[in-house]
Amino acid sequence: MTDRHAKIPGPDHPITITPTEGHVVVTLNGRTVADTRNALTLKESTYPPVQYIPLADADPELLAASDHTTWCPYKGEASYYSLPVGGARSVNAIWSYRQPHDAVAAIKDHVAFYPDRIDAIEVLPA
């Protein structure tokens, strides 16, 4: 059973969320999955930075909601989307925290992508 106890980011596990400086484009199989100038960069502990893109800036025609969920004690329950245009490689390629914990409330209504399940996440000059 998963421990559902929420944890607060702090010095031992810092999380910062800042506006991304630039234009973020996510592509898969020649299709633009997301395109935004309103992304957020989430930096968590020692993990690589993650681009969180407003769900409204992702192409809804390419997203298929999944029943898959995971739990992060710092952010909450993640819901997933697959990208059928990517085949088996792109199952559960996207995650979103629909009701994130207060410490990361800024990522509500945003999605993030597993880099190995898409072709590219490019941060271009603004």
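From a predicted model like this one, the values you see are computed outputs, not experimental measurements.
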Show me the side-chain donor-acceptor pairs of residues 104-113 shorter than 3.5 Å, one per line, residues at least two apart or across chains.
residue	atom	partner	partner atom	Å
Lys108	NZ	Arg98	O	2.9
His110	ND1	Lys108	O	2.8

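Residues satisfying the ring pair (Phe, Tyr, Trp, His ring centres under 6.0 Å) criterion with His13, sequence neighbours excluded, are Tyr74. Scored by the side-chain contact (heavy atoms from CB on, under 4.5 Å) test, Asp59 finds Glu61, Leu62 as partners (sequence neighbours excluded).
Side chains of Tyr80 and Thr70: a donor-acceptor N/O pair is present below 3.5 angstrom, by distance only. Counted by atom type alone, Thr27 and Thr32 present zero donor-acceptor pairs between their side chains at under 3.5 Å.
Few gaps surround CZ on Arg117; more than 12 heavy atoms of other groups in view lie less than 6.0 Å from it. No more than 12 heavy-atom neighbours from other residues, nucleotides or ligands sit within 6.0 angstrom of CG on Asp67. Around the CG atom of Asp102, the shell of radius 6.0 Å holds no more than 12 heavy atoms that belong to other residues, nucleotides or ligands.
Ring pair Trp95/Tyr114 is tilted by interplanar angle, where 30° to 60° counts as tilted.
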* Asked: When you look at Leu42 and Ile15, which way does the side-chain contact (heavy atoms from CB on, under 4.5 Å) test go after all the steps?
  -> CA-CA 7 Å; Leu42 184 142; Ile15 296 177; 4.0 Å; yes
* Please assess Glu122 against Val24 for the test side-chain contact (heavy atoms from CB on, under 4.5 Å), listing each intermediate value before the final yes or no. => CA-CA 6 Å; Glu122 296 179 283; Val24 180; over 6 Å; no
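Within the model, atoms CD1 of Ile94 and NE2 of His68 stand 13.0 Å from one another, a figure rounded to the nearest 0.5 Å. Atom OG of residue Ser82 and atom CZ of residue Arg89 lie 13.0 Å apart, to the nearest 0.5 angstrom.
Between Asp119 and Arg31 no salt bridge is recorded (no basic side-chain N to carboxylate O distance below 4.0 Å).
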